[in-house]
Amino acid sequence: MSALLRVEELRVGFGRRGTGSVVDGVSFAVHAGRAVAIVGESGSGKSVTARTLVGLAGAGSWQTAEALEVLGKPAPLGAGPSSRAWRSIRGRQIGLVLQDALVSLDPLRPIGREIGDAIRLHTPLSAAQRTARVLELLEAVGMPDPAERIGQRSGELSGGQRQRALIAAGLAADPAVLIADEPTTALDTTVQAQILALFETVKARGTGLLFISHDLAVVSRIADEVLVMRAGRVVEQGPAAEVLGDPQHEYTKALLRAVPAGVPRGRRLSEGAGAPGAGAQDAVDAAAAASLEAPLDLMSGGSVLEVRDVRKTFAVRGRERGDVRVAVDGVSLEIARGTTLGLVGESGSGKTTLARMVLGLATPDSGEVLLDGAPWAPGPERLRRARRPLMGAVYQDALSSFDPRLTVGQILADALDVPGVRADPRDRHSPVAEPGSGARTYPSGRDAAGAEPTGANRAARADRVTGLLEDVGLAAETAGMRPIHLSGGQRQRVAIARALAPGPELLICDEPVSALDVSIQAQILDLFDELQRTRGLSYLFISHDLGVIRHMSDRVAVMKDGRIVEHGTTEAVFASPADAYTRTLLAAVLPPPGPARTL
Amino acid sequence: TADGAGTSGGGSAPSTPVAGGTLTYATGFGEPTCLDPHVGGNMPQALLGTNVLESLFSQDAEGAIVPWLATGATPSADGLSWDVALRDDVSFTDGTPFDAAAVAANVAHMKDPATESSTAILALGKVTSVEVVDPTTARFVLTEPDSALLESLAQTWLAMESPAGLARGMEANCEDPIGTGPFVVDSWTKQDNVTLSRNDSYNSSPAGAAHEGPAYLSTIVWRFIPDPATRFAALQSGQVDVIDEMQPDNVVTAQDAAASGGQLGVLTGALPGASIRLELNSGYAPFDDERVRKAFIASADVNPGIESLFFGTVDRSYSVLSSSTPFGASFEDDYAIDTDRANQLLDEAGWTGRDSEGYRTKDGARLTVDFPISTNQSIPAEQSLFEQIQATTKDVGFDVELHPLDLSSWYASLAAWDFGVTSAIYTKNSPDVLRILYDSANIIPAPSGYHPNHSHVSIPELDALLTTAGETNDQAERADAYQKAQKILADGAYVLPLYDHLQKIGYSTRVQGLSLLPTLQLPYLADSWVQQ
Amino acid sequence: MSVLPEGSVAAGWSGAAGSAGSSGPVGSAGSVAGRGSRRGRRLGLGVGQWVSLGFLLSLVLAAVWPGLLAPGDPLAIDPRAAFVPPGWGHPFGTDESGRDIYTRVVHGAAPSLVIGVAATAIGVGLALVLGMLAALAGRIVDFAVSRLLEVLFAFPGLLLALLVITVYGPGVVTSTVAVGLATAPGYARIIRSQTLSVAASPYIEAAVVLGKSRGRILARHILPNALVPVFVLVTLGVGQAIVWAAALSYLGLGAEPPAPEWGAMLFAGKNYVTSAWWMTFFPGLVIVLAAAATTVLGRALQKRGVR
Amino acid sequence: MSGVVGARRADARGWGPLLRGLLLRLAGAVFVLWAAATLTFFGLRLIPGDPAQALLGGPGSQASAEALAQVRAENGLDQPLILQYLAQLGRLATGDLGTSYAQKNSVLSIIGSQIGGTLLLAVLALAVAWLIALGLALWATRGGRIAAAVGSGLEIVAAAVPHFWLALVLVLIFSTTLRWLPAVSTSGPAGLVLPVLTLAIPLAGFLGQVIRESVLDALAAPFTLSARARGETENGIRWRHVLRHGALPGIALSGWAFGWLISGAVVVETVFARPGLGRTLLNAVQLRDVPLVVGVVLVVALGYVLVTVLTDGASRLADPRERAA
Ligand SMILES: Nc1ncnc2c1ncn2[C@@H]1O[C@H](COP(=O)(O)OP(=O)(O)OP(=O)(O)O)[C@@H](O)[C@H]1O
Ligand SMILES: Nc1ncnc2c1ncn2[C@@H]1O[C@H](COP(=O)(O)OP(=O)(O)OP(=O)(O)O)[C@@H](O)[C@H]1O
Ligand SMILES: [Mg+2]
Ligand SMILES: [Mg+2]
């Protein structure tokens, strides 16, 4: 059986021909009813490869290949992006589902038109027939109420629905090959499971599939063949079971190791302290033991955070007066000192809103939040300010949480320059305000009036900035750089360093690793883990990734529609979920890739 | 050079007049707010009114009074009443006959405060009422003799309107004044045009008209194009046939075009009344000192500017009366440029200091002369001339500060005597303009705050001369009095005459028979026709 | 006469906000590509930017030291050399009083630039107060200021300027103030929305979480970040302010003659447009070039500001 | 998903919020009109000069003291300012804009006779500006670097050209030299060409800059790539996708453009001797004709309010995101 799509020694670059290659010698073939997957970290050239296959590598690109055949015929690789030859391939022979589903549909046009475009361009069907076909397609991709959706625009659809519409558009003209670039990223697990099921039916109908993802679990479920890419090169390639089950290349191994799902709490995900091998396992075990001990010791301190029956509603614009959306609906939580509470739930379930109330950024409609047993929110910010150093926050989008004008050093110095910063972050009890008394002590080198630092102070400050950078594994030179010039992982480290600067007891982490590659995510998770052990920090850790939550948490709370539907120790919740929703959530989780792990 | 009143088409081969056709006239004088010249009384109204309304008298090219709707006038022996004999064959375009009762109604209308007249009421200052002696004789009753009465009555602002029309009330009459003239007002599209159509029963052409009877043109479209460059461009591109208020450079362009067989022609005529002149405010410092006034006049070198800015289209004037006004004089020697003398005069007057910018000072005060300019009345070339005066007087140490102002602000600063020197237009078809401008009585403002005597001239001898001249009907006596009066003004350096106010009409050669009515040098279109 | 279409600047900013908002594993590649193409656009204008900068610098030089570029006296009349067309002795020709137009254009740089800069400063200064008040002083103030702005917007700028001039009389100072006032509402809206978006940005929340006081957050984060785009506004605005001030001069409501101000020169020259085109052409050209050059530079700054 | 459900619910309820929005808008409009009238009334009363003078033919007229007193009494000008103001408001509320001092005619009828020309001019100029801006934007983003540089250069220069100067240059070229087009407005369409161009070209510069920016953004947007990946043609991409995105900020700008056009009309109507509101306004301000100025201001403010509502509506129609927000 000949390949539907075959490429050999594909090279793509930007700039002068032959220079700046971002894809360097990729070869594979897609056969009918089979799926090829490309995995690799961000920037490894996956998307460029996919786009080059339909002649859309991008402005200023060059591309060469020993062979590029679509349905047995050579593709017009050198032709311009808008050449007629390419246009007859696009949509008709190869359907491409772009990476960014949320913005890949024209927000001003109904999705019916968007999907119908491919049919209009490649088939002689009449308008009425097209509509019928679009309905059929929407049905096929599992879109609820297709007849109604057909007239809606992407802004009126949820992320999962948009992704499905996009897939429908890719399939509209019934192409022989479907290329799907990260079609499940940023989707809730439940929705992700539906989309994967859809791909399986597509595959079963004989369509060839080129599937791009950085999620190894997803790849292991759907792919027949896997290419592992790194910096534009294929480092390992072969049948899925072999590559994922018995990886040969170090990079593949590292990738697999970095997947947190199924890795017990306290074990490192990334390479670091210990060398790989038997000895490393000991180190990991020792660390694990330490991490297990520490919480016990600290439990005696009682709960650092207590959330009592908080509720938050938002007025909904454009509807009748008094119409509200309940974002958080009577949630109570408690975090014991030195432990992590994991909070999961699908998009829109109220996780962020809850975190904002805990941070004192949003005022609860009712209920209260206690920090260290003392009232924290609601209440005027003035009263909270003195105890602010006790609580830090790490966000999903680190970049936008930095003042764009400041360098890393300035950002950290700023964070140190607040009243109540403790000289020794580990000395966590000193600055607690006596409730009711306005008096405070300022043990740090800074005087109460908040005067600008003196020369000596400035040097000390610089030292502390360097120290903070070291703590999160960044070089001292980073202080002079601007966040915009850092990588995603580095930015998240700076964010963590900033949160650590005032010497907090509790960190609120809202999806802190969702924007990161698995390998980077692994490093950051390890960092969180290490900081907890060395400093006895407590975490409220929010994620929609059950694997991450399971790896990080002592206790887990599951949120749905603003309520906590299940709450318990990690083992209990994962082993025997009591709530139906939790069970659906867990059922949708893919088994971790690679050789079975011992739990 | 100015060729005085004349008619167009004189140079080209004479052709026979054709009846019918439309002529488009574009005026730069602005759009009247009311077409009835009795109300207010300004140039835009007179321009349009000349083709719709007619006066009792007219003037010939020499300025002598000739009959029009009136056939003659006889003063009483004491000069306190005039019997004006009227034509008996003229009707207004609404059918109302023109008679003594109509004259009486018109005078009553002009003198009625509700009419809000300013020009006519001033001209009729000595008239108390008009009595109807018989249908063809109207008797003007005066409080004191007025030798300028007939000249006043010749002005369009005192033209005759249908009593029935006047009775309609101000609003209607403003839209459509009814006269005896060659055209009637057809419609008025505000800010765009007034359309005039022919009066087919017209039978009262003024003396000197080229033909009797109805006009040739069937329609006149009277447009308002304030921007002079646009106006000229419209003439050049054939969109309009006649324009007024031509820029001097355009006059030259058009004359050159005409000389080389082009399609344009120019018609000029010096407006009667006062020349274009600078009035030095002798009532207040620094021009209350005659030596300073003389120094100013001796240093304001205007001749080169008048030549270059006006391209030789106007003549320098050396008297306050324009050359087209009867009894106008010329005192060239009094206006010689002499910088040394100017400096000497200023030194004598105590302006001996000089500040860092080279301006003269006295007791620490700078020799500043405020010069408000009415941007509505002074044409751009004139304003440039003022800039040149500013530059040349600076050499002897004057700090002339030019303030271009809109009409309201300009009047306001004049009313407050808040100026050193200014330029104002006063068009009147009689040397009697001197009385209005320089009689000490006119220093005292009218109720509106306006005082025509901007120079603040208060000389009993001059007052007496002007009164005599205004009352006597002896032409020799008038001539002598006006001559002396002009000399007094020249000697006292109250005024710096610049040049005659020139009416500059541009026309396309499609238009024939265009002429200016001598009274106010306004275009008269009853004799004009257009080549089809 | 709001100097700029607010959308123009706002569009740039919202674009920036959008790309910052959609960063993620996925968005990052996209925004890299976006930045790449922006850089491409900037390269395309590189020459234009240099030329603009050079032109503006020479204008500033002309304003500071006009004698260097044109040693003559801009007020010296010579009626016998009036209306000389452009040529060797007079590169831009002479005007109706024989003054050298080149000299006047050079000496006119100072008043024109000062008017442009001062008007923009007035407009932006007022707008800063209004915009920041509206954005930061609470809902009631915001409501009041926003209504006020709406009312001011309902007055076409030239009308507002005309009213100001009618009340206070024509002249350089009044027309500068008038242009400033007329442009303020447009700026105020932009500044208000910019300040609001800065105040709502995650890094402000991050500062709150760190326990910074309101005053410190205002001084250290909100003001500087809200002010950065104001630079762009000012640059874009100066050129337009020069144009509008010239429009007032053109209507005879600006600088008093014979000051060598560009708008006033145009006003004086328009009457001779058919016979001496150079009298209007060159001052007009300089106005256009000055406005265009500031726009080019303003846009360049704006793109750089977009990060 | 809840968002979608919500959207459907809102549709079902339909009229309630719509009505409330409409009422709010109306209240806002009334406020703007009131404030505009008040500002103008007191603004003009600050001017030195007596309105009674203006009524009697302006300064320089030799009105007698009695006549002035009579006119003052007739027009209530002897009342305290605040009473005059209230009286004026009362008249305005009943739709009576009063009588022009200078033109002795009802302000409403003056405006009525002038507004048509200005509207025609403004609408045509806006349309032409749109055409030029869209055309230029689409052309400049299609060609290579040179087209882009030329396009943006043209836009910037166009936006920098003062219309009073542009008018002179256009007249010089097309009327005086080439004699193709009339220099002053005529009743026929030919007379409209130069005035419309004078207003449209600078506006096109502004619109073009904004439109081109968003056309470029749309061209670089993932949905365009996604359309290309479906095999869409270049023309298809422009017509089906880019054009609308390019137009959106232009629509939003049209409210601003209205004010700009009215300002421009003052100059253009003067230069081309066209009747219209702009020229009426300039004259009225110079003559201190308070009722006429207030009337024109009110009409312009009303126009602005209407245009804002229209552009809001238009961008809501064109952009569902607006509706969701
Ligand atoms: N249009 C372009 N111009 C220049 N460089 C580009 C362009 N598109 C992509 N690149 C570069 O090519 C490299 C590969 O990008 P690509 O989008 O293929 O990565 P990826 O593997 O899909 O990453 P991700 O997982 O983040 O989607 C990156 O370094 C990127 O910066
Ligand atoms: N400022 C706000 N105004 C109105 N509604 C809001 C606001 N903030 C949040 N909501 C609504 O509250 C609900 C909960 O939102 P929240 O951001 O807390 O969800 P989340 O669990 O963090 O979701 P995600 O996983 O997508 O981040 C959502 O329906 C959201 O639309
Ligand atoms: Mg990718
Ligand atoms: Mg969230």
Side-chain angles (χ1 to χ4, degrees), chain A residues 51 54-56 58-59 81-82 84 86-92 94-110 113-115 117-118 120-122 144-145 148-149 152-158 160-161 166 169-170 172-173 179 316-321 323 325 348 561, chain D residues 1-21 142 144-145 214 216-248 251 315-325:
Chain A
R51 294 206 305 267
V54 291
L56 289 171
S82 50
R84 185 175 289 274
W86 269 125
R87 287 211 309 267
S88 61
I89 291 176
R90 291 178 200 149
R92 183 86 192 91
I94 303 179
L96 174 60
V97 178
L98 283 173
Q99 182 164 11
D100 217 335
L102 296 182
V103 288
S104 285
L105 287 166
D106 191 333
L108 301 185
R109 301 181 77 218
R113 293 262 188 85
E114 290 276 282
I115 299 169
D117 271 352
R120 179 180 51 78
L121 287 161
H122 299 295
D145 306 321
E148 193 172 319
R149 302 286 167 205
Q152 289 184 331
R153 288 161 201 168
S154 72
E156 298 163 87
L157 303 180
S158 74
Q161 289 167 340
L166 207 57
I179 304 178
V316 183
R317 259 181 55 180
R319 293 200 223 162
E320 307 228 334
R321 186 179 292 279
D323 206 351
R325 168 175 289 153
D561 293 341
Chain D
M1 241 185 257
S2 60
V4 176
V5 175
R8 230 181 301 148
R9 273 222 317 260
D11 279 351
R13 292 185 198 176
W15 294 105
L18 208 67
L19 205 68
R20 196 156 52 92
R142 171 151 233 170
R145 275 236 205 114
S214 64
L216 279 178
D217 284 347
L219 278 174
F223 62 77
T224 310
L225 188 63
S226 149
R228 287 214 165 91
R230 287 195 287 271
E232 187 63 276
T233 60
E234 276 305 302
N235 283 330
I237 292 210
R238 263 147 229 279
W239 280 114
R240 273 175 243 285
H241 299 275
V242 169
L243 203 62
R244 277 228 234 164
H245 287 266
L248 276 182
I251 294 177
S315 48
R316 252 155 221 269
L317 265 187
D319 190 352
R321 291 170 295 189
E322 289 271 321
R323 270 173 274 169

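Chain letters run A, B, ... following the sequence lines, proteins first and then strands; every chain starts at 1.
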Most chain D-contacting option - heavy-atom pairs closer than 4.5 Å, from A/V54, A/L105, A/I94, A/D561:
A/L105
Return the option, out of A/R84, A/H122, A/R92, A/E114, with the maximum number of heavy-atom pairs under 4.5 Å with chain D.
A/E114
Could you tell me the separation between the CG atom of A/D117 and the CD1 atom of D/I237, rounded to the nearest 0.5 Å?
9.5 Å
Examine whether an atom of D/T224 lies under 4.5 Å from a heavy atom of chain A, and if so say whether it belongs to the side chain, the backbone or both; otherwise answer neither.
neither
Considering all heavy atoms of both residues, which atom of D/G231 and which atom of A/R87 are nearest to each other, and what is their separation?
O-CD, 3.5 Å
Do you know which of A/L96, A/L121, A/D106 has the most heavy-atom pairs with chain D at a distance under 4.5 angstrom?
A/D106
Who pairs with D/R240 by salt bridge (Lys or Arg N to Asp or Glu O under 4.0 Å), at least two apart in sequence or on another chain?
D/E232
Checked D/A227, D/A218, D/A229, D/S226 vs chain A; the most non-hydrogen pairs under 4.5 Å come from D/A229
Under the rule for salt bridge (Lys or Arg N to Asp or Glu O under 4.0 Å), what residues qualify as partners of D/R228, not counting sequence neighbours?
D/E234
Using non-hydrogen atoms only, which part of A/I179 is less than 4.5 Å away from chain D: side chain, backbone, both, or neither?
neither
